[in-house]
Each structure stands twice: as structure tokens, then as C-alpha cells.
Participant: 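Below: one structure in C-alpha cells.
For this chain, numbers begin at 1 and follow the sequence in order.
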Amino acid sequence: MPIVWQLLTRQSSGSLSGWSMALIIGIVHNPLVLSQLGGQLSYGLALLLILMPGLPTWRLAVWVQVISLPVLLVATAQWYLWSLVVNLIVAPIFSWVLLPVTVIGASVGLVFPLVTSMCEWVLASFQNWLDWVSHWPGLLVIGQPNALWAWGLSLLSLWLLRTPKRRYCWGLLLAYTCFGISMRFPLHGTVQFIDVGQGDSILIRQPFNRQVSLIDTGGQLHFPRPRWQDDGLTSKSRVETITVNYLHRLGIRHLDTVYLSHKDVDHIGDLGELLRLMPVNQVVVPAGMAHLAKFQKLLLPAKKRPKVVEALAGQTFADGLVAVHPFKPGRAENEDSLVLTGVYGQQRFMFTGDLDRAGERAIVARYPQLRVDVLKLGHHGSKTASDPLALRQLGVQRGVLSVGRHNRYGHPNQETLTTLTAQHIETYSTALQGMITYRFFNHRKGRWQTFLKEGDRHQRTTSVKIDSQR
């Protein structure tokens, strides 16, 4: 690090050697320290204080914001309008408290564990204060830069730090503008089967984000717990920790349409939390569901109540989806599921909710010319769905199972898997492959990608190009 410093500034500094030693000790104690947001900010901002000694507080706060912004966007995809004001408060605290605490804890922590505990308490208290501030209004969802954007923005920020000239400042602003435009208006579209466990949640994005829709929200069935098991903690819903978090990383701040296939909890249970966290223009439900008390209750958390539309077969929507079921109003049971079809990247998709075999046969009887390339298999692969004759008539080439790992229902059923194998239907499963994505450009065929994440370790990322012969 001293060599890098001399190359950047043509100066030497003894404090940089101390920082380098603290970093080495920190890595020995925790090899993943620089892969964590706290470690990146702690060591990065400490380095900034060493590189820019004697700066006025307000200028230091500005530089803290400039240098940390790429790291924050990678970690959270968000930026707070209040962050510059907070930095004016944090900068002196960091200089006089956090930096010494970090150095002391990293330097002597291996020898004196009590000192490490005290340092961690100070840093945790500071983090709690930041969490409280983070709930102030003024949050801007920008999106998560990929590796190329992140490195580019970081290097431009460091170059500006080395040579603080106006033209480089304008260059950095232009780079952020281009990044924001790329997130807001992506050239590609996607159909994504989000891994929400035992449930359905499917994101459909048109190129340039012309329309952004979600089919079902997922949700968990909660059983009463004995009093002795109640720990007083409230777990976050999957729509908050998975779906909304992922939408923010894509730079998506609102949804045009949320489709709900039927009333089961694993399909609509997280609707209320979704409406609390993100604006939704309209909610489409199968005819007969809008007036159910269970559904109306889920609308209450919305900051702005969305328009509710009841759908029957034959209705079309702005995002290119067409309803092919139900044929008449029902009670939003499995057999009343809203079934949608749409063409994306030269592939016709069908999303079936929990429709049973009788419903599948009714659809192919009513639409004998209907052909489907990709089928979201009904009822999570249960044997009550995926009728062999209906699959054959539809000409299904790929099937997607939205199913939880080790679920109590035994989904998918072996009978369904046997049917898929017999008909040579290539099958993806969220339980085995995590998030399943079809990425396309305009009307050209796209690529299938799967991304599996176990805990904090990325276990598998695969990309399979679609066979052009199909």
C-alpha cells in the first residue's frame, strides 16, 4: 500500500504503513473482511483520511460520499438524500472515534479479546444509529452496478481524488448519469421465476422497462406457536428480503401490474407487504376474487390503493399477457386459477397458478390452436396438474417448477416428473437451480440463466443458450 500511495501522490506517509498493518491483521483475523460492506467502508474511509489530511469537515464529507457511493450501490442499490448531511456529522466521529477503535481492535484484538469486544460494541452502536437514520424519508432506488460499472465508477472517483479538476468532476457525473439511464431503461427484457421457496413469484420486464409486472407474490403459511417457543422476534417476509430487494437492485421502484392467480397463501400471502414497500398501479385477480375478505385485507397496507381488475378468459393487458382462464367467476380456488399467456423473445409462456388437470383440458379444448414453448407447471408439480394429453397438445418444450426445497407436500410428484421425461420436456426447478431467468432482446430469441444462492455463498451460476433448432 505505501508503494501505491507513492505512485498516486508522489509522497510518503508513516500513517499509511500503520493502516496497511491494520489491514493485514484484519485480513488474518477475518479473510472475508473486505468482502463485507462494513469492512470496505471502515478501511476505505480510514484510507481516505490518510490520503487527504487536514481537509475541512464539509470537504471531507463530500469526498466520503464520492468514494463510498459505488460501494454502497453494490451493497444496497440505494442512496439517501440525507447522506451528505449525515457525513458532515459522521466525518469527525469517524476521525476521532471509529478510526482509532478500528485500528486498536484490529491490532490488539488477537491478544486481548476483551478489547475486541469493546471495539465491536462501539462499532455496533454506531451501526444502530445509522440504521435509525436510514428510516428517514429521502431514499432513492438507483440500482446495483455490475462489476464493470462498479470498478469504472470507483476508479473514476479515485482519479478525481488524485486530480480534483472540474472536467474530471463532470466526467464522473456523466458516468453516473449513463449508469442511471442503463438501469432505468435496460435494452433487454426478462422473464424471471424468483426463488421464494414453496410458492410462486414471476417477474416480467419489457425492454426499456416499458411494463414491469409480477405474477403472484409468494407467501408463507404460519402455524400457531406454543408460548414457550415465542422469542418475541418478527421475521421479515420473503417479499421484503428477496423480491423487493431484488427489484431495487434492478433499479425498479414501482410495478405496473401484479397478477394474483388465486387465493392460496403461497401465491398471494405477501401481497400486503409488497404494497407497503412498493407502489403498484393495478392488481389483476381471477373473476370472483376481488370481494373476498381475505383479499381485501391484503390491500390495507398499501400507501396508495391500487386499481383492482377482475379477469376472465379473453382479456388482454398492456404488458402483452392474455388471460385464457377462468371462463366464469369463481371462488378463487385452485380450479379457478388465473392462467396467462404471452410471447417474449419468440417464446410463448403460460403461467398456470395451481390449475388442475380438468382446467388444463378445458383450456386446450377452448383454444385448440394454442401452442406453448415454456410452461410454468401447475400446482408446483403436483400430480393433480400437468395432464399428459394437455402437455402434448400444447407442444410444451420447457417446464418450470416453482417449488420449495424439502417442502412438506412432496412437490414435485414423481408422476409429474415421469410425464415430463416421457415427453422430453426440459425442466427447470427453483428448488434445484434457484432463480430461473429468460433474458431476451426485443423479438429475438434469448438465453436461459439460472442462479442458485445458498446462504451467503453463491453455489451455482449457469447459462444455457437456447437451441436454435427449437
Side-chain angles (χ1 to χ4, degrees), residues 191 193-202 215-221 223 259-269 286 289 313 323-328 330-341 348-368 370-436 450:
V191 180
F193 300 83
I194 302 173
D195 181 11
V196 293
Q198 182 66 18
D200 280 13
S201 190
I202 304 159
I215 301 177
D216 287 331
T217 66
Q220 293 177 276
L221 183 62
F223 296 96
Y259 298 91
L260 302 175
S261 60
H262 63 299
K263 68 179 183 180
D264 283 0
V265 171
D266 58 336
H267 291 257
I268 72 168
M289 179 173 165
V324 295
H325 194 270
F327 306 135
K328 60 182 181 179
R331 299 175 297 172
E333 303 288 353
N334 288 356
E335 61 269 21
D336 304 315
S337 287
L338 175 64
V339 178
L340 302 160
T341 69
R348 178 172 290 280
F349 288 76
M350 177 181 282
F351 310 98
T352 58
D354 279 355
L355 188 67
D356 56 16
R357 292 191 177 197
E360 293 169 346
R361 291 193 294 268
I363 289 176
V364 297
R366 182 158 179 167
Y367 301 97
L370 179 62
R371 296 295 180 267
V372 172
D373 299 295
V374 183
L375 176 68
K376 199 292 294 184
L377 294 160
H379 206 180
H380 319 288
S382 168
K383 65 181 179 180
T384 62
S386 303
D387 181 81
L389 295 179
L391 295 182
R392 185 173 293 108
Q393 181 170 331
L394 291 172
V396 177
Q397 298 180 28
R398 285 180 173 82
V400 179
L401 289 161
S402 187
V403 60
R405 299 174 184 84
H406 311 297
N407 64 84
R408 64 168 61 94
Y409 308 102
H411 295 159
N413 187 271
Q414 185 57 49
E415 182 178 329
T416 299
L417 297 177
T418 301
T419 298
L420 297 174
T421 301
Q423 298 197 20
H424 306 288
I425 296 175
E426 185 176 355
T427 306
Y428 295 91
S429 169
T430 57
L432 299 177
Q433 294 155 304
M435 181 180 290
I436 300 163
T450 66

Participant: For Val403, is there any backbone N or O sitting under 3.5 Å from a side-chain donor or acceptor partner on Thr430?
Facilitator: yes
Participant: Kindly write out the residues that satisfy side chain to side chain contact (heavy atoms under 4.5 Å, CB included) with Ala362, not counting sequence neighbours, or none if the list is empty.
Facilitator: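 Only Phe327 meet the side chain to side chain contact (heavy atoms under 4.5 Å, CB included) criterion with Ala362.
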Participant: Who passes ring pair (Phe, Tyr, Trp, His ring centres under 6.0 Å) against His380, sequence neighbours left out?
Facilitator: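 Residues passing ring pair (Phe, Tyr, Trp, His ring centres under 6.0 Å) with His380: His267, His411.
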Participant: Does any part of the side chain of Ile363, heavy atoms only, come nearer than 4.5 Å to the side chain of Thr352, both counted from C-beta?
Facilitator: no
Participant: Just to verify, which of Ile425, Val374, Leu420 counts as forming a side-chain contact (heavy atoms from CB on, under 4.5 Å) with Val396?
Facilitator: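 Only match with Val396 under side-chain contact (heavy atoms from CB on, under 4.5 Å): Ile425.
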Participant: Are any non-hydrogen side-chain atoms of Ile202 and Val191 less than 4.5 angstrom apart?
Facilitator: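 Touching, per the 4.5 Å side-chain cut-off.
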Participant: Can you sort out the partners of Asp373 under side-chain hydrogen bond (donor to acceptor under 3.5 Å, both in side chains), two or more places apart, ordered by chain and number?
Facilitator: Gln397
Participant: State, to 0.1 Å, how close Thr416 and Gly381 come at their nearest heavy-atom pair, and which atoms those are.
Facilitator: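 That closest heavy-atom pairing would be OG1-O, 3.0 Å.
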Participant: Using the test side-chain hydrogen bond (donor to acceptor under 3.5 Å, both in side chains), find all partners of Thr427 that sit at least two apart in sequence or belong to another chain.
Facilitator: none
Participant: Any side-chain heavy atom of Met350 within less than 4.5 Å of one from Leu370?
Facilitator: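 Yes, at least one pair of side-chain atoms sits under 4.5 Å.
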Participant: Just so I know, are the side chains of Leu375 and Val400 near enough to count as touching, which here means a heavy-atom distance under 4.5 Å?
Facilitator: no
Participant: Can you name the nearest heavy-atom pair linking Pro286 to Ser261, along with the distance?
Facilitator: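 The answer is CG-O, 3.3 Å.
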Participant: Just wondering, do Ser386 and His379 contact through their side chains at under 4.5 Å, heavy atoms?
Facilitator: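 Answer no - side chains too far apart.
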Participant: Does any non-hydrogen side-chain atom of Ile215 lie less than 4.5 Å from one of Leu338?
Facilitator: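 No, side chains not in contact.
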Participant: Taking all non-hydrogen atoms of both residues, which atom of Lys376 and which atom of Phe193 are closest, and how far apart?
Facilitator: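 So the minimum-distance heavy-atom pair works out to CG-CE2, 3.6 Å.
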Participant: Excluding sequence neighbours, so at least two apart, what forms side chain to side chain contact (heavy atoms under 4.5 Å, CB included) with Arg392?
Facilitator: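 Result, side chain to side chain contact (heavy atoms under 4.5 Å, CB included) vs Arg392: Leu389, Gln423.
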Participant: Please report the shortest heavy-atom distance between Ala323 and Tyr367, naming the atom on each side.
Facilitator: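 The pair with the smallest heavy-atom distance is O-OH, 4.3 Å.
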Participant: For Tyr259, which residues count as a ring pair (Phe, Tyr, Trp, His ring centres under 6.0 Å) partner, sequence neighbours excluded?
Facilitator: Phe317
Participant: For residues 357-366, pull every pair meeting salt bridge (charged side-chain N to carboxylate O under 4.0 Å, His left out), keeping only residues two or more places apart or in separate chains.
Facilitator: Arg357-Glu415, Arg361-Asp387
Participant: Go through the structure and list residues passing side-chain hydrogen bond (donor to acceptor under 3.5 Å, both in side chains) with Asp336, not counting sequence neighbours.
Facilitator: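 Asp336: no side-chain hydrogen bond (donor to acceptor under 3.5 Å, both in side chains) contacts found.
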Participant: Measuring from atom CG of Leu355 to atom CD of Glu335, what distance do you get when rounded to the nearest 0.5 angstrom?
Facilitator: 9.0 Å
Participant: Mind checking what makes side-chain hydrogen bond (donor to acceptor under 3.5 Å, both in side chains) contact with His262, not counting sequence neighbours?
Facilitator: Asp264, Asn334, Asp354
